[in-house]
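For reference, the structure discussed in these notes is given below.
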Amino acid sequence: MTCKELIIKLKESGSAEPETEVLLLLSHMFGASRADTLLYPGKDYDSQKLLPAIRRRASGEPIQYIIGSVSFCGCNIKVTPDCLIPRSETELLCEIVSELLPDSAHFLELCTGSGCIPIAVLSGRDDVSCVAVELFEKTAELARYNRDANGIGAHRLDIICADALTLDTCTGTCRYDAIVSNPPYIRSEVIPTLSREVLCEPHAALDGGIDGMIFYNKFLSDYKVMLKPGGFFAFEIGFDQANDIKKLCEKFGYACEIKKDFSGLDRIAIIRP
Ligand code: GLN
C-alpha cells in the first residue's frame, strides 16, 4: 500500500487529518521519515502490517492509542485508553509554568493522567521537583512508567494515587511553589456530543461536572493553604471558561491572568492569592 492509498483509506475511515495520521503511522510502523514519504510517494508499505491499524482507526480509535505514544514537549509519552491523550495546548501550560517557577521549585500537579505535564517541566528544569496526583492506580502506574522511560528520578517526581477532589489539604505541612493542573473541564451535558475519537478517552478525564468548573472550584477553595508565599496556580481552561474562572477568582479573592493559545483562544489561567 502506498502513502497515497493509505491516506485514502484513513479518510474513508473517518479521519479528519489523514495526511498527519499517515505520517505518524508510517514513522511508527516502518521508521519512515516525512522526507521519505515526500521523496518516494510510490513506495509500497506492507499492507498486512497496516490493515489491523486501519481497522482500529475505522472503528473510531484515536491514532495515538493505536501507535501507543505521543511526542509532548520533546518527550515520548506512552498513552493507553487509561489516560487522556496529551494535547498541544497543554504544551503551552508546561512552557509557561517552566518560565514562572523559581529556582529549585517544588510544585504539585493535580490530575496527572499520563504524567505528561511534570515530565515535560522536569525534563527542561533539572532544579525542579514535583508531586503529581492521579485518581486511578492503573493510570498512576502509566505515569510512573513514563517518568522512568524519560529518565526522571522518582526522587524528583513522586506520583501518588489520590482523589484531588476530596484530598485533605489542611493536615499536611508540605507547601508548594505552584499548583498546576489540566483538570477535566468539559460540561457533563456536552460529553455525548464529542467526536467518537474523544469519546474513546476516559470520561473521568473529560467530565468537569454540570458547569465544567468542579475541579477549579475545589482547587481554588481548598488548596490555597498548600501554596508557599509567592506561590501560584496554573491551570489549563476551556476556550469559553475565562469569565467563569475570573468570577471564581473574584469570589475567593485571587488575581487572575488569562493567556491565549496558538489559535488565539483563552487557554491558560495564572492565579495568585
Ligand atoms: N494532565 C494530563 C494531561 O494534561 C491529564 C489531564 C486530564 O486527565 N484531564 O494530559
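Worth knowing before you read on, the calculation uses all heavy atoms, side chains too, and leaves out hydrogens, waters and symmetry mates. Computed from a predicted model, the values in this text were never measured in an experiment. Order of listing sets the numbers, starting from 1, for every ligand and every atom in it.
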Residue part near ligand 1, for Pro183, under 4.0 Å between non-hydrogen atoms: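 The answer is the backbone.
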
Residue part near ligand 1, for Thr90, under 4.0 Å between non-hydrogen atoms: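 For Thr90, the contact with ligand 1 is made by the side chain alone.
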
Of all the atoms in ligand 1, which lie at a distance below 4.0 Å from a heavy atom belonging to [X]?
X      : result
Glu109 : 1 (N)
Ile117 : 1 (N), 4 (O)
Pro184 : 9 (N)

Per atom 3 (C) of ligand 1, closest listed option by heavy atom (Ser181, Cys116, Pro86):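 That would be Cys116.
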
Distance from [atom] to nearest protein heavy atom, with residue and atom:
atom                   : value
atom 6 (C) of ligand 1 : Asn182 O, 3.1 Å
atom 2 (C) of ligand 1 : Thr112 O, 3.3 Å
atom 5 (C) of ligand 1 : Cys111 O, 3.5 Å
atom 8 (O) of ligand 1 : Ala205 CB, 3.3 Å

Backbone N/O of Met213 and side chain of Arg187: donor-acceptor pair under 3.5 Å: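 A pair under 3.5 Å: no.
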
Residue pair Lys247, Glu250: steps toward the salt bridge (charged side-chain N to carboxylate O under 4.0 Å, His left out) verdict: CA-CA 5 Å; Lys247 268 190 219 145; Glu250 259 168 47; over 6 Å; no

Heavy atoms from other residues, nucleotides or ligands near [atom1] of [X] exceed 12 (cutoff 6.0 Å):
X      : atom1 : answer
Lys218 : NZ    : yes
Phe30  : CZ    : yes
Ile210 : CD1   : no

Intermediate values then yes/no, side-chain contact (heavy atoms from CB on, under 4.5 Å), Arg57 and Glu197: CA-CA 9 Å; Arg57 191 64 195 86; Glu197 284 79 9; 3.1 Å; yes

Contact summary for Glu91 and Ser71, nearest pair of heavy atoms: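 Closest pair (atom of Glu91, atom of Ser71, distance): OE2-O, 4.2 Å.
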
